[in-house]
Amino acid sequence: MTLTVQNLWLIPTLPLLAAAITTFLPDRARGMAAGMAIAALTLSFLFSCGALMTALADPAAHAVANFEWFDLGSGAVTLGWLLDPLTAFMCVMVTFVGTLIFIFSTGYMKEDANYKQFFCFLSLFAAAMLGLLVANSLLLLFVCWELVGLASYLLIGFWFHKPAAAAAAKKAFITTRIGDLGFLIGMVWLYEAQGTLLLFNDGAGLLEAASLHALSSTLVIGGLAASTATGLLLFCGAVGKSGQFPLHVWLPDAMEGPTPVSALIHAATMVAAGVFLIARVFPLMAADQALTLVPVHALTVVAFIGAITALLGACIAVAQNDLKRVLAFSTVSQLGYMMLAIGVGSWVAAIFHLLTHAFFKALLFLGAGSVIHAAHHEQDIRQMGGLRPKMKITFLTFAVGMMALSGVPFLFSGFWSKEGILHAAHAWPVSHLPLYIGLAAVVLTAFYMTRLVVEVFFGQPRSAAAEHAHESPASMTVPLVLLAIGTVALGFLGTPKWPWLQAKLMGETEVHGHAIFGDGTGLMILSIILVGVGLGLGGWFYARKLRTSATTRDPLEEKIPGVFAALAARLGFDELYAATLYRVNDAVAALAVFFDRWVWDGMVRGLAALGRWCGMMNLDTDEQIINAGFDATSAGLRSSGRVYARAQTGDAHGYLLTLAVAFVVLLVVLVIGGAR
């Protein structure tokens, strides 16, 4: 089965339709809501596979189907669909992993009173993400981008009766809006400069040669190329959505939502959107690379922000005690790796890691959900322990995810995708600093994941919840097994010996591999050694002497209490923002209230008082002068009329007598006057 670009709209429309129908179902239709959501996303997966077959038939092509949305009179707003290997691979990943998460949710959310609404929001989330992937217009992409933000708000705050969940939803929504403002400004700038927001349009699209040349050859403020400035503005949106420093603070708090939501956000959908965006507009980001006079290159900024985020997330994860927050900061770190890869010029390595990360991070989050479900919603790893014999399937699949994330060679996909990023950073001519930061994060990743597995699964149960834990039902364990298989299998599509996935993403029809131990053997060996160091240190600190009580002090905390406390407090970023940005925001808000209440409202009240005074003056003038004078004149006329009316008797004889008397009087007057 193949799917042409003209029918690409079916992929996001099916889950959107499921969300719309589910909205009108009664609350008791729980099974129908879940079944409809799973069926719709499964069909989208099949259509995505068909789209992938079409894209792989000609991987170098960018097939588009543009259409007019509405007419503006002087022009038209044009949207469109885009099909290429990047779109197709992403759609397959989102629909496959999303379907497994949907199935897992049927068991995890089984007892929830708002079961129907949960699947409605999940379908909306999936539809928005898929619409973003297939868009050939920055405008359509931005619309779906904002719908992803809305759906994440609804899902993170799904248990809104919990104050922490409501606060986390607002924090995620507002923080990502900060980045989205930059995205919006960049999009408006591009439209003003090029007159279009289409990515590909028969040579006239934003990502095609003519537009890229015009943008890169135009210098703006500070000597930046227009392509650099707009690329950095678009990157602001990705910084917010993908939890990059300094807007990473919302991502760990998103753990307040149900665990399937955490898996969906951190693996397949929301956080992947930012990386996808920068990979999609990579030609724009790289358009200024040939200009030596440009003071700042967009990709250089991306590389260093990614490197900082990778190290920051790994450091903080070391000292977290909440099971899901360890994985959340791990996601922050891995997203930093992806941005690092794009920044050093290898968007293909970033997408390869994004795809492998989607599988093993979904596996880890769903494994965490299985543990939390079995432990009666306990999330503190200090309260766990001894779960390995009680939850064998969960343990084995979680271990696969842990080894993939840690980069254990050579069986696990995370090793191959991570190596691709490190080798791209090594080849970057600008600086090797991102490489060194990435290598440091390798050690930390293996360390904190070893700590996590030992604390959760080994030793003796340290609470009643852990003591009574049991394996999750098949609706939850089957997705774990399938994700574990995918975590292993996906890596073999991108090994140096057979880099099939990378070749297709680059638009190449033939795959040219090389020996695994080639020019980069030294770096690979160093990376493997560092993974071993991280695993060894984790085992030394945590497996050598297993925790016996939930109140026992953490071994690392005993060694470096000050550093551990700082990392446990997330390096104080939330407190720093509260003391600075929040206060500035409060001050601006107070100033706005002052102006609104005393300046603008005072002006309005003054104008209203002036209006009332003018009205009163008008009333007095009208009533006392104009109306009074008119009334007096009218009264006089009425009096004269009444007098005159009395003379109108209608008697002819009386009229003749009056005329005679008047005539006599007139004669007398004339005679007297003549005599004088």
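Just the heavy atoms: all of them, side chains too, but no hydrogens, waters or symmetry mates, feed the values below.
Separating the CD1 atom in Ile305 from the OG1 atom in Thr300 is a distance of 11.5 Å, to the nearest 0.5 Å. The distance from the NE2 atom of His423 to the CG atom of Leu435 is 9.5 Å, given to the nearest 0.5 Å. A distance of 8.0 Å separates CD1 of Ile38 from CZ of Phe102, quoted to the nearest 0.5 Å. Ile11 CD1 to Leu14 CG: the interatomic distance, rounded to the nearest 0.5 Å, is 9.0 Å. Atom NZ of residue Lys241 and atom CH2 of residue Trp250 lie 8.0 Å apart, to the nearest 0.5 angstrom. Note that CG of Leu405 and CZ of Phe415 are 14.5 Å apart. Values are rounded to the nearest 0.5 Å.
For Tyr191, the OH atom sits in a loose shell: 12 or fewer heavy atoms of surrounding residues, nucleotides or ligands are nearer than 6.0 Å. Within a 6.0 Å sphere centred on OH of Tyr153, heavy atoms belonging to other residues, nucleotides or ligands number 12 at most. Heavy-atom neighbours of His432 NE2 from other residues, nucleotides or ligands within 6.0 Å: above the threshold of 12.
Put simply, the side chain of Trp416 never gets that close to the backbone of Pro409: no donor and acceptor are under 3.5 Å apart. Between the side chain of Ser123 and the main chain of Phe119, a donor-acceptor pair closer than 3.5 Å is present. Judged by distance alone, with hydrogens and angles left aside, the side-chain atoms of Ser333 form a donor-acceptor pair with the main-chain N or O of Ala310 at under 3.5 Å. Side-chain atoms of Glu208 come within 3.5 Å of backbone N or O of Ala204 as a donor-acceptor pair. Here the side chain of Thr2 pairs no donor or acceptor atom with the backbone of Gly50 at under 3.5 angstrom. Judged by distance alone, with hydrogens and angles left aside, the side-chain atoms of Thr95 form a donor-acceptor pair with the main-chain N or O of Val92 at under 3.5 Å. Remark: the backbone N or O of Ala172 is not paired with any side-chain donor or acceptor of Thr175 at under 3.5 angstrom. Distance alone, capped at 3.5 Å, is enough to place a donor-acceptor pair between the Gln502 side chain and the Gly494 backbone. Distance alone, capped at 3.5 Å, is enough to place a donor-acceptor pair between the Ser137 side chain and the Leu139 backbone. In this structure, Ser413 contributes its side chain and Val488 its backbone to no donor-acceptor pair below 3.5 Å.
Leu526 is listed as a side-chain neighbour of Leu439, based on a closest heavy-atom distance under 4.5 Å. Residues Ser527 and Glu419 meet the side-chain proximity criterion, which asks for heavy atoms closer than 4.5 Å. For the pair Leu82/Val5, no side-chain contact is recorded, criterion being any heavy-atom separation below 4.5 Å from C-beta on. A heavy-atom distance below 4.5 Å is found between the side chains of Lys361 and Thr331. The side-chain heavy atoms of Leu335 and Leu251, taken from C-beta on, include a pair separated by under 4.5 Å. Residues Ile101 and Ser105 are in side-chain contact: their nearest non-hydrogen atoms beyond the backbone lie under 4.5 Å apart. Within the 4.5 Å cutoff, the side chain of Thr495 has no heavy atoms near those of the Phe410 side chain. Side-chain contact between Leu190 and Leu138: present, with at least one pair of heavy atoms (C-beta onward) separated by less than 4.5 Å.
Across every non-hydrogen atom of Thr78 and Asn66, the tightest pair is CG2-CB, 4.0 Å. Heavy-atom minimum distance, Ser330 versus Ala317: N-CB, 4.4 Å. Closest heavy-atom contact between Phe398 and Leu364: CE1-O, 3.4 Å. Among all heavy-atom pairs drawn from Ala268 and Ala272, the shortest one is O-CB, 4.0 Å. Nearest heavy atom pair, residue Ala503 against residue Glu510, reads CB-O, 4.0 Å. Of all the heavy atoms in Met338 and Ala350, the pair that sits closest is O-CB, 3.3 Å.
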> Checking side-chain contact (heavy atoms from CB on, under 4.5 Å) for the pair Leu198/Leu206: CA distance, chi angles, key distance, verdict?
Replying inline: CA-CA 6 Å; Leu198 293 176; Leu206 291 174; over 6 Å; no

>> Run the ring pair (Phe, Tyr, Trp, His ring centres under 6.0 Å) test on Phe412 and Phe360 for me, step by step, so that the C-alpha distance in whole Å, both residues' side-chain angles and the decisive distance to 0.1 Å come before the verdict.
In response: CA-CA 9 Å; Phe412 303 99; Phe360 63 71; 9.9 Å; no

> Can you list the steps and then say if Leu79 with Asn136 is a side-chain contact (heavy atoms from CB on, under 4.5 Å)?
Replying inline: CA-CA 7 Å; Leu79 305 179; Asn136 184 42; over 6 Å; no

> Checking side-chain contact (heavy atoms from CB on, under 4.5 Å) for the pair Leu411/Phe492: CA distance, chi angles, key distance, verdict?
Replying inline: CA-CA 8 Å; Leu411 185 61; Phe492 295 105; 4.0 Å; yes

> Given the rule in the side-chain contact (heavy atoms from CB on, under 4.5 Å) test, do Thr54 and Leu83 qualify, once you have shown the distances and angles that lead to the verdict?
Replying inline: CA-CA 8 Å; Thr54 303; Leu83 178 59; 3.8 Å; yes

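Donor-acceptor pairing under 3.5 Å is recorded for the side chains of Asp288 and Thr228. Looking at Ser417 and Thr356, their side chains do bring a donor and an acceptor atom within 3.5 Å of each other.
Here the rule is side chain to side chain contact (heavy atoms under 4.5 Å, CB included) with Leu234, and of Val239, Leu284, Leu184 only Leu284 fits it.
Note on ring orientation: taking the six-membered ring where Trp is involved, the planes of Phe282 and Trp347 are tilted (angle from 30° to 60°). Ring pair Phe183/Trp145 is perpendicular by interplanar angle, where above 60° counts as perpendicular and below 30° as parallel.
Using a 4.0 Å cut-off between a side-chain N of Lys or Arg and a carboxylate O of Asp or Glu, Lys504 and Asp84 do not qualify as a salt bridge.
Aromatic ring centroids of Phe67 and Trp81 lie under 6.0 Å apart.
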